[in-house]
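Computed over heavy atoms, backbone and side chain alike; hydrogens, waters and symmetry mates excluded. Start at 1 with the first residue, then count along the sequence.
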Amino acid sequence: MRIALFLAFLAIAVGYAAWKGGGPERVMAAIAVAMVGSDQILHIFVPTNFAAVDTGHLAIDLFGAGSTVALAMFAHRFWPMCIAVFHLVPLLAHMSRTFDMALHPAAYLTMQVATSWPVPAILILATWRHQHRLARGVSEPSWLNSLPRSIRTTAKP
C-alpha cells in the first residue's frame, strides 16, 4: 500500500513539474521517472534481496546521485542540493552493507528508500515557487552560467 501511495504522490509531483515547472524542475521530473522506471524493470528480472549488496539498486542510486548532484551544480535553484543529499544517503546504505554484512536487511531497506519520500514534496514546492516567481514577474535564470565569457584582450608589445 505504501508503495502505491508513494508512486501516486510521485506521479502528481512529476506531472505538476512537467506541466508548470522550469527547466530544473522538469529535469528532476525526468530523473525521477528514469529511476522509478529502472526500478520497475529491475524487479521484473531480479528478485528483491536486502541480505546482500543489491547491485541493481546500487546502479540506480549511482545514477540518481550523479544526476541530481549535476543538477544541483548547474541549476540556478537551491532545492536540487537538498534532493542531491537525499540521493546520496542510499549510497551510504550500500557502503554500509558492503562493509558490515551483519547489517539487518530492514535497516538496509530503510536506508535505501526512506529518503525518497521527501523528494516529491520538494519537487511540488519547487514547482509552486517557480510559478509564484513567474506570477510576480520575477525573471530568474533556470541555469547557472558555468563558463564565464572570456574577455578578449589585445597583447601589448
Side-chain angles (χ1 to χ4, degrees), residues 2-43 46 48-50 52-100 103-134 136 138-149:
R2 70 178 179 272
I3 293 172
L5 183 63
F6 173 76
L7 291 175
F9 188 33
L10 184 64
I12 291 167
V14 164
Y16 182 48
W19 180 43
K20 294 284 190 174
E25 292 81 16
R26 290 178 180 171
V27 168
M28 186 61 232
I31 292 168
V33 167
M35 289 181 72
V36 169
S38 299
D39 183 65
Q40 296 304 311
I41 292 169
L42 175 68
H43 287 287
V46 180
T48 303
N49 179 12
F50 294 103
V53 175
D54 187 352
T55 55
H57 284 111
L58 173 60
I60 293 169
D61 293 335
L62 281 170
F63 165 77
S67 57
T68 54
V69 166
L71 177 62
M73 297 288 288
F74 294 107
H76 192 262
R77 308 273 199 274
F78 176 77
W79 64 265
M81 289 184 267
C82 300
I83 290 183
V85 169
F86 285 132
H87 279 123
L88 290 171
V89 171
L91 295 180
L92 294 174
H94 297 297
M95 286 177 32
S96 297
R97 170 55 77 195
T98 300
F99 296 126
D100 183 10
L103 179 68
H104 195 279
Y108 185 41
L109 166 68
T110 302
M111 286 177 71
Q112 282 188 41
V113 301
T115 56
S116 300
W117 281 90
V119 172
I122 293 171
L123 186 56
I124 289 170
L125 181 62
T127 304
W128 177 82
R129 285 190 38 83
H130 173 71
Q131 283 299 306
H132 189 61
R133 280 191 304 274
L134 292 178
R136 288 184 311 182
V138 176
S139 176
E140 276 190 15
S142 292
W143 305 102
L144 296 174
N145 289 333
S146 60
L147 299 174
R149 295 180 186 206

Would you indicate whether the side-chain heavy atoms of [Y] and [X] approach each other to under 4.5 Å?
X	Y	result
W79	R129	no
P120	I12	no
D61	L88	no
F9	V119	no
V27	W143	yes
S67	M28	no
V113	F6	no

Any side-chain donor near an acceptor of the partner, H57 and D39, under 3.5 Å: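 Indeed, the side chains of H57 and D39 share at least one donor-acceptor pair under 3.5 Å.
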Starting at [atom1] of [X], measure out to [atom2] of [Y] and round the result to the nearest 0.5 Å.
X	Y	atom1	atom2	result
K20	I124	NZ	CD1	14.5 Å
L92	T115	CG	OG1	9.5 Å
L134	Q131	CG	CD	5.5 Å
L71	I31	CG	CD1	5.0 Å
H104	R97	NE2	CZ	9.5 Å

Greater than 12 external heavy atoms within 6.0 Å of [X]'s [atom1]:
X	atom1	result
R136	CZ	yes
I3	CD1	no
W19	CH2	no

Is [X] reaching over with its side chain to a backbone N or O of [Y], donor-acceptor style, under 3.5 angstrom?
X	Y	value
E25	H130	no
Q112	L109	no
H132	W128	no
R133	V138	no

